[in-house]
Structures are given as C-alpha cells and as structure tokens.
Amino acid sequence: MPYVADTIAKLKRSSPAELEFYQAVEEVLTSLRPLLDKDQKYKKHNIIERIVEPERQIIFRVPWIDDKGHVQVNKGYRIEYNSAIGPYKGGLRFHPSVYSGIIKFLGFEQIFKNSLTGLAIGGGKGGSDFDPKGKSDNEIMRFCQSFMNELYRHIGPTTDVPAGDIGVGGREIGYMFGQYKRLTGNYDGVLTGKKLNWGGSLARTEATGYGAVYFAQNMLQARGDSLEGKTCVVSGAGNVAIYTIQKLYQLGAKPVTCSDSRGMIYDERGIDLALLKQLKEVEGASLEKYVEHHHDAVYTPVSAYPAGRNHVWSVPCQAAFPSATQNELSEADADVLLNNGCICISEGANMPSTPAAVEKFLKAGICYGPGKAANAGGVATSQLEMAQNASMQQWTFEEVDAKLQGIMHGIFTRASETAAEFGQPTNLVLGANIAGFRKVADAMIDQGVV
Ligand code: NDP
C-alpha cells in the first residue's frame with residue numbers, strides 16, 4: 001500500500017514527532033484501500049493528501065495567575081480540521097499529556113466520526129497541557145478565561161463549536177462560556193456540554209456512555225444476542241465510564257470494574273454506581289477510597305499491573321468498554337480478553353486499543369465497535385444541543401435519548417452495510433472508516449479545491 005507509507009513519510013517530515021497522529025492516519029488510510037481501488041476519483045482529486053492536512057491550526061499562549069500570585073503559562077490548541085460537511089465540532093481536552101500529536105489524532109478521528117453520525121458537522125479538536133488536578137475553582141476559572149481570551153476570535157455557532165473531553169466538564173464549559181459572552185456580547189450556542197439552566201441539553205452528560213452501550217446492543221442484537229446477564233468490564237471513572245456503567249445496569253448487565261490514572265477497582269458484586277459518582281463527580285477522590293466502603297472489592301494500583309498490560313482487561317468478562325484514554329488496551333490485553341471469552345468490545349474512549357489489539361479482535365470475528373463509531377453519541381447529542389439552542393427550545397430527556405438511540409442505530413447500520421458492500425460484513429473498522437470518509441470526500445470534491 002504505497003499511498004499509506006508515502007503519506008505517513010510525508011507527514012513525518014511536515015509534522016514531526018506526532019506519533020498518535022500517524023497511528024490514527026495509518027489506521028484510516030489502510031482501511032480505505034478497497035474504496036480507493038474501486039473509485040479512482042479520490043486519487044484524481046488528491047483527497048488523501050488534502051484530508052490529512054488540517055484546514056487551520058491555532059496554537060496560543062495561555063498565561064494565568066495561580067492562587068499564590070505566581071504567573072503560570074500553558075499552551076492552547078484549536079485544530080479546525082475539516083469543514084466540508086458542516087461547522088468544525090469536537091471537544092477540548094485539558095490534560096498534561098496534551099501536545100499537537102494528541103490534538104491532531106483526535107481531530108482527524110473526529111472528521112469521520114462526525115460524518116458517520118449522519119449530521120451536518122465538520123471535524124475539530126482542541127485543548128491544553130493544563131492539568132486541572134489539584135487546582136482550586138478560582139485557578140480553573142482564571143485558566144478558562146485566559147484560554148477563551150484567545151479562542152473566542154476563532155469560534156462561533158456556525159463556524160466552530162467546541163465541547164468537553166478529558167478534564168473539561170460542565171464547570172470548565174461554564175467558565176469559558178461566561179468569558180466568551182463577556183468578550184462578544186453574544187448569548188449563542190458556541191459551546192456544547194453547557195449546564196441545563198443556561199442552554200444545555202438533557203441527556204448530553206449521559207450521551208457518550210449511553211451511546212457506547214447502545215452500540216454494543218446493536219452489535220449483539222445483529223447476532224441474536226443481548227447484554228442482559230453479561231459480566232462487563234469498564235475502564236475509566238470519568239464522564240464516559242460512569243454513564244456506560246449506568247446504562248449497563250439499566251439493560252440488565254453487570255459492570256464489575258472501573259479505573260482511574262492511579263489504579264482499578266474490581267467489585268465482583270457489581271460496581272456501586274452511587275459511590276463511584278460520589279467519589280469522582282463530587283469529591284474528585286482516588287478510586288482507592290472505594291474499598292473503604294466495600295471491603296470485598298479489590299483495589300489494584302497501576303504499579304501492580306502486569307508489565308505492559310492494563311489489569312482491567314484481566315478480569316473475565318463477556319463484554320468490555322474501554323472508556324479512559326488512547327492506547328490503554330494492548331495486544332497482550334486483547335489476548336487475555338479473548339482467552340477469557342470476551343465476545344464484544346465497544347470503545348467509549350478515542351483509539352483506546354492499539355493497532356495490534358484491533359487486529360486480534362478483527363481476526364477473532366467478535367463484535368468490535370471502534371471508538372469513532374461507538375462513542376459518537378456524545379458529539380451527536382452536542383449537535384442536538386446546537387439544534388435546541390438555535391430554535392430556542394428544550395427537549396425532554398426521553399426525546400433526546402430516543403434520538404440518540406436512533407442515531408446509534410444509524411451509525412451501526414451505516415458501518416455494517418458499508419462493511420458488507422466491501423465484502424467484510426463484520427469489519428466495522430473498515431465500514432466506519434469508508435462510510436465516514438466517503439461522505440466528506442464527496443463533499444470536498446463538490447466544493448472544489450479550497
Ligand atoms: P474524564 O476526564 O471525565 O475521565 C477520564 C478518565 O480516564 C478518568 O477516570 C481518568 O483518571 C482516566 N484517565 C485519563 N487519562 C488516563 C491515563 N493516561 N491513564 C489512565 N487513566 C486515565 O474524560 P471522559 O470520560 O470525558 O473521556 C474519556 C475518553 O472518552 C477519552 O478518550 C475521550 O476522548 C473520549 N470521549 C469523550 C467524550 C465525551 O463526551 N466526554 C466523547 C467521545 C469520546 P483520573 O480520574 O485519575 O484523572
């Protein structure tokens with residue numbers, strides 16, 4: 001596949017040392033091969049070279065003052081990747097690991113994810129290497145205001161609409177929205193993930209986790225199976241993990257694990273959701289505290305994980321929901337999951353499985369829902385928030401949830417029908433990448449060389 005190697009070689013020269021970005025590009029381009037062979041128009045219009053290059057990248061200084069009066073500086077990013085089918089849309093991540101390679105991989109994935117939803121949204125992503133952990137509310141507010149002092153000139157309800165991601169929830173969106181409003185005087189739907197009393201959508205908080213479970217349900221139903229009675233493992237303890245666990249219980253499954261950056265919990269009787277919410281959403285505490293309330297549960301710190309592995313995936317299960325971060329599930333983890341009888345993986349996180357792990361899942365022929373399909377419920381519901389803001393309406397939880405279920409079913413159908421069209425009916429990586437790409441690429445051709 002010379003075009004894959006050629007493209008990666010060019011990117012390594014033009015965008016050095018962006019490893020996660022190369023990984024995401026390679027995965028997408030590899031699975032586009034049957035489409036590119038079948039239809040020469042994409043090569044003729046040089047779509048590959050154009051689509052891997054962001055339309056615009058904004059990198060800026062974010063100075064702020066901590067509680068001790070010291071001046072701190074972080075780096076801010078917004079990458080407006082592709083607007084062929086709609087305004088740029090994608091979250092903001094605040095985490096010390098953030099650098100241009102992370103934001104670019106996320107932005108690139110977002111193009112195809114947003115296209116797959118069937119909605120009119122382009123791809124973008126942003127964030128900062130700011131670490132919200134251990135910061136006071138006032139420090140978070142000052143950082144968010146400084147971040148928005150630059151970002152506001154690049155975003156708008158019909159141009160670029162950021163949302164949350166790791167480290168960015170309702171509180172951070174609130175501080176950024178307040179500053180945007182102060183700077184522009186506009187009260188408009190320029191950010192999603194807003195709180196309910198000032199423009200947010202019901203079910204947006206739950207949407208990514210719920211959506212990943214609905215996606216698993218669709219995959220299993222297509223094989224005459226269901227989630228009911230299944231033991232499930234979940235990684236993460238943030239927004240996506242919590243609402244994945246909630247929906248799993250609602251559908252009669254038993255989630256037995258969760259994890260954070262310091263360790264994991266295995267609770268054989270099922271994760272205590274109320275306690276998890278109290279620890280993570282209210283106290284911002286370590287999961288280690290979970291076992292103070294449940295003596296039968298087991299806490300394993302990251303330092304005790306088997307070498308090169310994530311211990312969450314050692315727990316026997318029938319279904320797994322990676323919901324923390326990228327590359328958290330390795331080839332060795334995939335082997336353990338498969339040997340233990342896992343038949344379904346639905347990715348709430350972005351690119352959580354390494355390419356070698358994905359290869360194992362595809363080879364085994366189990367239900368495998370890649371992140372760009374399985375976690376698209378979050379961005380889809382963000383678009384529903386934009387629609388409510390634009391029409392000055394607020395829909396009920398049930399209305400939004402019903403639309404989310406319809407959207408997840410649509411994504412599954414689009415990915416699986418496209419996979420079947422190219423002769424690999426169970427390969428949803430291929431189906432999701434081709435279906436997502438084709439819509440954007442055709443729009444780019446229609447709109448000329450811009
Ligand atoms: P949160 O910040 O709410 O939670 C992230 C969780 O993952 C936390 O438990 C955190 O641990 C853990 N975590 C983060 N980084 C690491 C790491 N390097 N190693 C181990 N654990 C880690 O984020 P979200 O739940 O919103 O996002 C989780 C994933 O889902 C990300 O990949 C994100 O891109 C993806 N996603 C999120 C969407 C959304 O709507 N929020 C939409 C689509 C995808 P700790 O508590 O210790 O920090």
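Index from 1, following the sequence. Whatever order the structure lists them in is the order used to number ligands and atoms, beginning at 1.
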*asked:* Please determine whether the number of non-hydrogen atoms from other residues, nucleotides or ligands lying under 6.0 Å from atom CZ of R61 exceeds 12.
replied: no
*What atoms in ligand 1 come closer than 4.0 Å to a heavy atom of S259?*
9 (O)
*Does the ring center of F143 lie less than 6.0 Å from the ring center of F94?*
yes
*Taking only heavy atoms of K133, which atoms of ligand 1 are found under 4.0 Å from at least one of them?*
45 (P), 47 (O), 48 (O)
*Flag the pair F147 / W64 as yes when their ring centroid distance falls below 6.0 Å, and as no otherwise.*
no
*Please determine if K247 forms a cation-pi arrangement with Y214, meaning its NZ or CZ atom is less than 6.0 Å from the six-membered ring centre and no more than 45° off the ring axis.*
no
*Considering only the protein, which heavy-atom contact is closest to atom 27 (O) of ligand 1, and what is its distance?*
I166 CG1, 3.7 Å
*Output yes when D160 and K89 qualify as a salt bridge under the 4.0 Å nitrogen-oxygen rule, no when they do not.*
no
*Would you mind listing which atoms of ligand 1 come within a distance below 4.0 Å of any non-hydrogen atom of A349?*
29 (C), 30 (O), 32 (O), 35 (C)
*Thinking salt bridges, do K194 and E385 make one under a 4.0 Å N-O criterion?*
yes
_atom 32 (O) of ligand 1: the protein heavy-atom neighbour that sits closest, reported with distance to 0.1 Å_ = N350 N, 3.2 Å
*Which heavy atom of the protein is the closest neighbour of atom 42 (C) of ligand 1, given with residue, atom name and distance?*
T208 OG1, 3.4 Å
*Starting from atom 16 (C) of ligand 1, which protein heavy atom do you reach first, and at what distance in Å?*
T325 CG2, 3.7 Å
*Distance from atom 31 (C) of ligand 1 to nearest protein heavy atom, with residue and atom*: A324 O, 3.3 Å
_Ionic contact status for K254 with E268, cut-off 4.0 Å_ = no
*asked:* Would G164 count as a contact residue for ligand 1, given that I'm defining contact as a non-hydrogen atom of the residue lying under 4.0 Å from a ligand atom?
replied: no
*Using the ring of Y99 (Phe, Tyr or Trp, six-membered ring only), decide whether K104 places NZ or CZ under 6.0 Å from its centre and within 45 degrees of its axis.*
no
*For atom 33 (C) of ligand 1, closest protein heavy-atom neighbour*: D165 OD1, 3.2 Å
_atom 24 (P) of ligand 1 [closest protein heavy-atom partner, distance rounded to 0.1 Å]_ = V240 CG2, 3.9 Å
_Could you tell me, atom by atom, which parts of ligand 1 come under 4.0 Å of a heavy atom of R204?_
40 (O)
_Contacting atoms of ligand 1, where contact means under 4.0 angstrom from a heavy atom of A237_ = 9 (O)
*Please confirm whether K181 makes a cation-pi placement over Y187, using NZ or CZ under 6.0 Å from the six-membered ring centre and within 45° of the ring normal.*
no
*Just go through S97, G238, A376, S261 and tell me whose heavy atom is the nearest to atom 6 (C) of ligand 1.*
G238
*Hey, are D333 and R309 close enough for a salt bridge, meaning a charged N less than 4.0 Å from a carboxylate O?*
yes
*Mark the output for G167 as yes if a heavy-atom distance to ligand 1 is under 4.0 Å, and as no if none is.*
yes
*For H95, take its heavy atoms, then give the atoms of ligand 1 lying under 4.0 Å from any of them.*
15 (N)
*contact_flag K280 ligand 1 heavy-atom lt 4.0 Å*: yes
_Short N or O distance, A241 and ligand 1, threshold 3.5 Å exclusive_ = no
*Have S136 and D67 got a donor and an acceptor in their side chains that come within less than 3.5 Å?*
yes
*For G348, take its heavy atoms, then give the atoms of ligand 1 lying under 4.0 Å from any of them.*
30 (O), 35 (C), 36 (N), 44 (C)
*Considering only non-hydrogen protein atoms, determine which one is nearest to atom 3 (O) of ligand 1 and report residue, atom name and distance to 0.1 Å.*
N239 N, 2.9 Å
*N-O pairing of D66 and R142 below 4.0 Å*: no
_Can you tell me which portion of S323 lies within the under-4.0 Å heavy-atom range of ligand 1? Options are side chain, backbone, both, or neither._
backbone
*Parallel under 30°, tilted from 30 to 60°, perpendicular over 60°: which one fits the rings of F412 and H409?*
tilted
*Decide whether the shortest distance between a heavy atom of R93 and an atom of ligand 1 is less than 4.0 Å.*
yes
